[in-house]
Amino acid sequence: MKTTALILAAGQSRRMGKQNKLLTPWQGKPLLQYVLEAAKKSICQHTIVVSGHQRLAVEALTTTVHPEARLTHNSRHSEGMGTTLAAGMAAQSDDVEAVIVLLGDMPLVTSAHLDEMHEKAAGWGDPNSLVIASDGFAQGNPVMFGKGWFDRLAQSRGDRGARDILKSDAARMLVDIGPAARRDFDTPNAFEQKP
């Protein structure tokens, strides 16, 4: 099953003040670098990174860490995550059968987590499948969408992203990856917490 790791890296990090959290070091590396490395080492055949805020710096880091990744820019990133998701979907190759949507501020997500989600989806074989990373029964990120969802993802708008899909009664499978599924970095205090 051909899969894209779609990394959303366009946000303005408003709760971080003047810092772009994706470029802020944590445990010795910029936050986004962890996610790029996970995608690069994973079974995913493609990686797409959607830039927005501080485009040049985000794209420079991407090119350094994961030169094979495809870059696309969301000029409407200030309108919310939905436009970033739509921009990423517009850059997909026609032969892709699933997409794993990754948030750029989740450094505890590893390539092994992505591979496990991929294997579960491949075993399921349903184009309308949702494979969702969880911490126990608490849903988190990343989320893997089968091709049956691509049109709806491409029409995402505003700040809701794919929340409407995730709140629907669509069939889903949870993959327990522990705290990595829910640990993100939105404030300076988050950077001070231990892994």
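Quick note: residue numbers are just sequence positions, from 1.
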* Asked: Are any non-hydrogen side-chain atoms of D105 and L22 less than 4.5 angstrom apart?
  -> yes
* To do: Test V143 against R172 for side chain to side chain contact (heavy atoms under 4.5 Å, CB included), laying out the working first.
  => CA-CA 10 Å; V143 178; R172 66 196 63 218; over 6 Å; no
* Is a side-chain N or O of D115 found less than 3.5 angstrom from the main chain of S42, in a donor-acceptor match? -> no
* Asked: For R70 and S93, does a side-chain donor sit closer than 3.5 Å to a side-chain acceptor?
  -> yes
* State, to 0.1 Å, how close P30 and L23 come at their nearest heavy-atom pair, and which atoms those are. => CB-O, 3.9 Å
* Asked: Looking at V49 and L36, what are the two nearest heavy atoms and their distance?
  -> CG2-CD2, 3.7 Å
* Below 4.0 angstrom, N of the basic side chain to O of the carboxylate: do R76 and E79 qualify? -> yes
* To do: May I ask you to check whether over 12 heavy atoms, not counting those of R182, lie within 6.0 Å of atom CZ?
  => no
* To do: Examine the side chains of E68 and H66 and answer whether a donor and an acceptor come within less than 3.5 Å of each other.
  => yes
* Asked: Are there more than 12 heavy atoms of other residues, nucleotides or ligands under 6.0 Å from atom NZ of K147?
  -> yes
* To do: For D151, look at atom CG and say whether over 12 heavy atoms of other residues, nucleotides or ligands are found less than 6.0 Å away.
  => no
* **Side-chain donor-acceptor contact under 3.5 Å, H77 with T84** => no
* Asked: Looking at side-chain heavy atoms only, is the closest gap between H113 and V175 below 4.5 Å?
  -> no
* Taking side chain as C-beta onward, heavy atoms only, is I100 less than 4.5 Å from F145? -> no
* Asked: Between E97 and T3, is any pair of side-chain heavy atoms under 4.5 Å apart?
  -> no
* Asked: If you round to the nearest 0.5 Å, how far is CD of Q92 from OG1 of T72?
  -> 10.0 Å
* Side-chain heavy-atom pair L8, L6 within 4.5 angstrom cut-off -> yes
* Asked: Do any N or O atoms from the side chain of R157 and from the backbone of M81 form a donor-acceptor pair under 3.5 angstrom?
  -> no
* With no hydrogens and no angle check, do the side chains of S51 and E59 hold a donor and an acceptor under 3.5 Å apart? -> yes
* Asked: When rounded to the nearest 0.5 angstrom, what distance separates CZ in R55 from NE2 in H73?
  -> 4.5 Å
* Q139 CD to L130 CG distance, which is reported to the nearest 0.5 Å -> 8.5 Å
* Asked: What closest approach, in Å, do V101 and P142 show between heavy atoms, and which atom pair accounts for it?
  -> O-CB, 3.1 Å
* Asked: Quick one: does R183's side chain get under 4.5 Å of D135's, heavy atoms only?
  -> no
* To do: Look up atom OG1 in T47 and atom NZ in K40, then write down how far apart they are to the nearest 0.5 Å.
  => 10.0 Å
* Path from I132 to I177 over hydrophobic side-chain contacts below 4.5 Å -> yes
* **Spatial distance of atom CG (L174) from atom OG (S134) [nearest 0.5 Å]** => 4.5 Å
* Would you mind reporting whether Q33 and E37 have side-chain heavy atoms less than 4.5 Å apart? => yes
* Please report the closest heavy-atom contact between Y34 and K29, naming both atoms and the distance. => CE2-CE, 3.5 Å
* Would you sort out whether V65 and L32 count as a side chain to side chain contact (heavy atoms under 4.5 Å, CB included), showing the intermediate values? => CA-CA 10 Å; V65 176; L32 179 59; over 6 Å; no
* Asked: When rounded to the nearest 0.5 angstrom, what distance separates CG in N141 from CG in L102?
  -> 8.5 Å
* Asked: Between I165 and L153, is any pair of side-chain heavy atoms under 4.5 Å apart?
  -> yes
* **Pair V50-I7, side chain to side chain contact (heavy atoms under 4.5 Å, CB included): steps then yes or no** => CA-CA 6 Å; V50 187; I7 301 173; over 6 Å; no
* Considering all heavy atoms, the nearest T110-A38 contact -> C-CB, 3.8 Å
* **Hphob cluster co-occupancy, I48 + I43, side-chain heavy atoms under 4.5 angstrom** => no
* **Residue pair L108 / A180: nearest heavy atoms and the distance that separates them** => O-CB, 3.4 Å
* To do: Report the C-alpha distance between F150 and V96 in whole Å, list the side-chain angles of each, state the deciding distance to 0.1 Å, and finish with yes or no for side chain to side chain contact (heavy atoms under 4.5 Å, CB included).
  => CA-CA 10 Å; F150 284 12; V96 171; 4.1 Å; yes
